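Questions regarding the structure given below will be posed in turn.
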Amino acid sequence: LSPTKSVDGKRRKQSSKHGRIDSETMAEWGLFDQKLGELVHSMAFETAMGMIILANCVCIGVQVDKCPPADSIRFIGNDPDNSAECPHKALTMLEHVFTV
């Protein structure tokens, strides 16, 4: 552990080994539960968040590919807001889920 100065001038400890934070530092930072800190710093949490980000990227790619703007030569249909190939409702729903 190496001490560092924070913005408010107080000395705080930071862990340099695998990004882990010791229980004293957790208490200083005001984390309400040590288990929450362990969860957030776990590989399972990193994997879950990575999968959510990856799914969001896939949705963005589908939107770019299947939902061209009305002035594009790839636009199909008469509705000026949505191309016939665009899964607009599903993409809108997923966008809201990922935003939350």
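All figures in this text were calculated on a predicted structure; none of them were measured in a lab.
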Donor-acceptor pairs under 3.5 Å, side chain of residues 66-75 to any protein atom, not counting sequence neighbours: which ones?
{"from": "S72", "atom 1": "OG", "to": "R74", "atom 2": "N", "distance (Å)": "3.1"}
{"from": "R74", "atom 1": "NH1", "to": "D65", "atom 2": "O", "distance (Å)": "2.7"}
{"from": "R74", "atom 1": "NH2", "to": "V64", "atom 2": "O", "distance (Å)": "3.2"}

Can you give each donor-acceptor pair under 3.5 Å made by side-chain atoms of residues 43-57, sequence neighbours left out, with the distance rounded to 0.1 Å?
{"from": "T47", "atom 1": "OG1", "to": "M43", "atom 2": "O", "distance (Å)": "2.8"}

Please tabulate, one pair per line, all N/O donor-acceptor pairs under 3.5 Å involving side-chain atoms of residues 84-100, not counting sequence neighbours.
{"from": "H88", "atom 1": "ND1", "to": "N82", "atom 2": "OD1", "distance (Å)": "3.2"}
{"from": "T92", "atom 1": "OG1", "to": "H88", "atom 2": "O", "distance (Å)": "2.8"}
{"from": "T99", "atom 1": "OG1", "to": "E95", "atom 2": "O", "distance (Å)": "2.7"}

